[in-house]
Structure formats: structure tokens, C-alpha cells
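Read through the structure below, which is laid out as C-alpha cells, and then see the notes.
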Protein chains: 2
Amino acid sequence: MKQISYENFFTNFSNKTRLGIITALMDGPLSVSEIVEKLGEEQSNVSHNLEHLRKCSILNVKKEGKKRIYSLNKETVEPMLELVEKHVYGCGGSCEECGLCNLKEER
Amino acid sequence: MKQISYENFFTNFSNKTRLGIITALMDGPLSVSEIVEKLGEEQSNVSHNLEHLRKCSILNVKKEGKKRIYSLNKETVEPMLELVEKHVYGCGGSCEECGLCNLKEER
DNA sequence: TTCTCATATGAAATTTGTTTCATATTTCAT
DNA sequence: ATGAAATATGAAACAAATTTCATATGAGAA
């Protein structure tokens with residue numbers, strides 16, 4: 001049996017701050033301070049989390065003066081989130097725990 | 001900005017036991033005790049984790065005598081894992097942290 | 001250079017998630 | 001009914017991930 005070890009990859013989608021970052025970058029690249037402002041999280045927290053995302057190639061960075069501009073690897077992220085969305089809409093409202101069906105209501 | 005709250009969904013892919021369960025069920029449905037045996041994890045641990053997976057509709061259950069047969073929701077899971085695989089093979093070996101590039105070597 | 005802004009980093013504190021342990025529940029066989 | 005097998009459940013113990021805090025680094029402006 002092939003033991004898949006994708007844990008660390010998926011960790012990037014399983015916390016609020018990181019999904020916040022991902023969501024924030026949906027509309028285009030942003031600098032760290034812009035992300036910080038958008039999320040209302042602490043700078044160093046955002047920074048730590050950006051590192052994880054970057055290390056898994058979910059984000060890309062480029063330097064621009066003193067700023068670092070982060071952008072989303074949409075090729076992976078978009079279909080990933082689309083898949084979940086599809087899953088949610090297909091579940092018939094049976095996922096009490098994961099909160100996705102609640103999300104449904106919000107939209 | 002729409003705040004995505006998919007955390008809990010992705011949590012199901014970001015730990016070893018649950019990915020182990022998912023992997024075990026790739027080849028077809030299994031009872032709890034069969035999963036326990038296959039993974040070498042404790043029964044109650046497997047049981048707890050099965051609950052999470054089921055609640056997010058990643059797994060389905062059906063009763064069969066005293067047994068409960070769990071099966072994989074392949075429609076969601078397969079393309080999800082395929083996506084990650086594609087991401088990995090496209091990353092050019094740059095994801096030191098997430099361990100996916102190491103997986104590459106294993107195969 | 002020195003100052004300031006933007007970001008990163010390490011370690012401690014905190015929060016969250018996972019596993020274990022003991023026990024309960026369900027179902028079937030006797 | 002009673003016992004045994006299969007699974008579930010709750011709470012405590014444990015482990016791991018996240019956040020915060022203090023500080024460091026780097027880059028440009030004065």
C-alpha cells in the first residue's frame with residue numbers, strides 16, 4: 001500500500017489565517033503589509049504563515065524595493081477550492097461538522 | 001471579501017491517520033476492524049478519525065451485521081489527490097518543507 | 001552613516017488537534 | 001437472557017501547530 005504523505009501540503013488549507021491569506025490574494029498580488037491590513041492579523045503571524053505557504057509553492061514571492069509581493073499559485077489553488085465547493089454542494093447538507101454546509105447558507 | 005472557511009474540510013487531509021484511512025480505502029470499502037488492522041492504529045483512534053471523515057462526507061458508512069463498512073467518496077477525494085500530485089510534479093522540487101518532493105523520490 | 005519602513009525570525013506562550021484509556025452501546029450467536 | 005465481537009464515545013493525557021512578543025535584518029531615504 002502506497003502511503004501518501006500529503007499532510008503538510010493540506011495543512012496550508014486547514015487554518016484560518018492561511019485561508020485568509022489565500023482568499024486575500026485571489027484578487028491579485030499583495031505586499032505583506034497589505035495582507036496584514038486586510039486580515040487584521042499581526043505582522044509576524046502573517047509572515048510566519050506566508051513562509052509555510054511559500055515553501056509549499058502555494059504562493060510565490062518577488063522583491064520590490066523593501067517590499068515583498070506575494071502572489072497566489074492559482075493553477076493549484078483555484079481548482080482545489082472549486083473541488084471543495086462542488087463537494088459541498090453535492091453533500092446534501094450532511095456535513096454538520098465541517099461547517100461547509102453552513103457556509104452554503106452564508107452565500 | 002468572501003471569507004472561505006474550509007479549514008475543517010482540509011483538516012481531513014492533513015494528518016497521517018486520516019490519510020492512512022483514505023489510502024486504505026482506495027482499493028475498496030473496509031470494516032473498522034480491517035482498517036485498524038491495516039493501519040496498526042488503535043481501534044478507538046481509528047474510530048474517532050473515521051467520525052471526522054464521515055462528518056465531512058469524505059467517507060460513507062453502511063451497517064452490515066455488527067460491522068460498519070466504510071467507503072471512500074472517490075468523486076471528491078481522487079481528483080483532490082490528483083491535483084496535489086500535479087502540483088508536486090510541477091513545483092520543480094522547490095517545496096522543501098511539505099515533503100511532497102521527497103515523496104517524488106519514493107515512487 | 002543613520003533613520004525609518006517593511007519584513008523576517010526565534011523562542012515562549014497559547015491554542016488546537018490527536019491519541020489513549022476506560023467504558024458504553026449495538027448486534028448477533030448460544 | 002447471557003456472552004462475545006465490533007464499534008463508538010467521553011474525558012484525560014499528550015502532541016503539535018499557531019500566535020505573540022521581542023528583536024533582528026535588509027533596503028531605501030535623508
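Since we're looking at a predicted model, the values are computed, not measured. Chain letters run A, B, ... following the sequence lines, proteins first, then strands; residues in each count from 1.
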Open item on the list: Going by the rule side chain to side chain contact (heavy atoms under 4.5 Å, CB included), which residues pair with A/Glu42 if we only count those two or more places apart in sequence or in a different chain?
Closed with: A/Ser44, A/Asn45
Output the rounded distance in Å from [atom1] ([X]) to [atom2] ([N]).
X       : N      : atom1 : atom2 : answer
B/Glu37 : D/dA6  : CD    : P     : 11 Å
A/Asn49 : D/dT18 : CG    : P     : 7 Å
B/Glu42 : D/dA8  : CD    : P     : 15 Å
B/Leu30 : D/dT7  : CG    : C1'   : 15 Å
B/Glu7  : D/dT19 : CD    : P     : 10 Å
A/Leu50 : D/dT18 : CG    : C1'   : 14 Å
A/Leu59 : C/dT7  : CG    : P     : 14 Å
B/Lys16 : D/dA15 : NZ    : P     : 15 Å

Task: By ring-ring contact (aromatic ring centres under 6.0 Å, His included) - contacts of B/Phe13 (at least two apart) - done: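 B/Phe13 satisfies ring-ring contact (aromatic ring centres under 6.0 Å, His included) with A/Phe10, B/Phe9 once adjacent residues are dropped.
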Only pairs under 3.5 Å count here: list side-chain donor-acceptor contacts from residues 58-66 of chain B, not counting sequence neighbours, and write none if there are none.
none

TODO: Would you indicate, yes or no, if D/dT18 has its OP1 or OP2 atom less than 4.0 angstrom from a side-chain nitrogen or oxygen of A/Arg18?
DONE: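 So the side chain of A/Arg18 is within the cut-off, an N or O lying under 4.0 Å from OP1 or OP2 of D/dT18.
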Open item on the list: Check this one for me: any side-chain N or O of B/Thr17 less than 4.0 Å away from OP1 or OP2 of C/dT18?
Closed with: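 Checking C/dT18 against B/Thr17, no side-chain N or O comes under 4.0 Å of OP1 or OP2.
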Task: Close approaches to DNA chain C from residues 60-73 of chain B, in residue order (heavy atom, under 4.0 Å) - done: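 The stretch gives B/Lys63, B/Gly65, B/Lys66 as the residues lying under 4.0 Å from the strand, ordered by number.
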- [ ] Would you please name every residue forming a side chain to side chain donor-acceptor pair (under 3.5 Å) with B/Glu34, sequence neighbours left out?
- [x] B/Ser31
Task: Interatomic spacing from OG in A/Ser14 to CD in A/Glu7 - rounded to 0.5 Å - done: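 It is 11.0 Å, given to the nearest 0.5 Å.
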- [ ] By nearest nucleotide on DNA chain D, pick out whichever of B/Glu34 and A/Thr11 is the more 5' one.
- [x]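 So the residue in question is B/Glu34.
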TODO: Any strand is fair game: report the nucleotide pairing with C/dT30 by Watson-Crick or G-U wobble, both distances under 3.5 Å, or none.
DONE: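 Pairing partner, where one exists within any strand: D/dA1.
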Give every donor-acceptor pair under 3.5 Å between a side-chain atom in residues 71-84 of chain A and any protein atom, sequence neighbours left out.
| residue | atom | partner | partner atom | Å |
| --- | --- | --- | --- | --- |
| A/Asn73 | OD1 | A/Glu75 | N | 3.4 |
| A/Asn73 | ND2 | A/Ser57 | O | 3.0 |
| A/Lys74 | NZ | A/Met26 | O | 2.9 |
| A/Thr76 | OG1 | B/His87 | ND1 | 2.5 |

Report all interatomic pairs (protein N or O, nucleotide N or O of nucleotides 9-16 of chain C) with separations under 3.5 Å.
| residue | atom | partner | partner atom | Å |
| --- | --- | --- | --- | --- |
| C/dG10 | O6 | A/His48 | NE2 | 2.7 |

Task: Heavy-atom closest contact (B/Val46 atom, B/Ile21 atom, distance) - done: O-CD1, 4.2 Å
Task: 4.5 Å side-chain heavy-atom contact, A/Arg18 and A/Thr11 - done: yes
Open item on the list: In the structure I gave you, are the side-chain heavy atoms of B/Lys55 and B/His52 within less than 4.5 Å of one another anywhere?
Closed with: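 They are not in side-chain contact.
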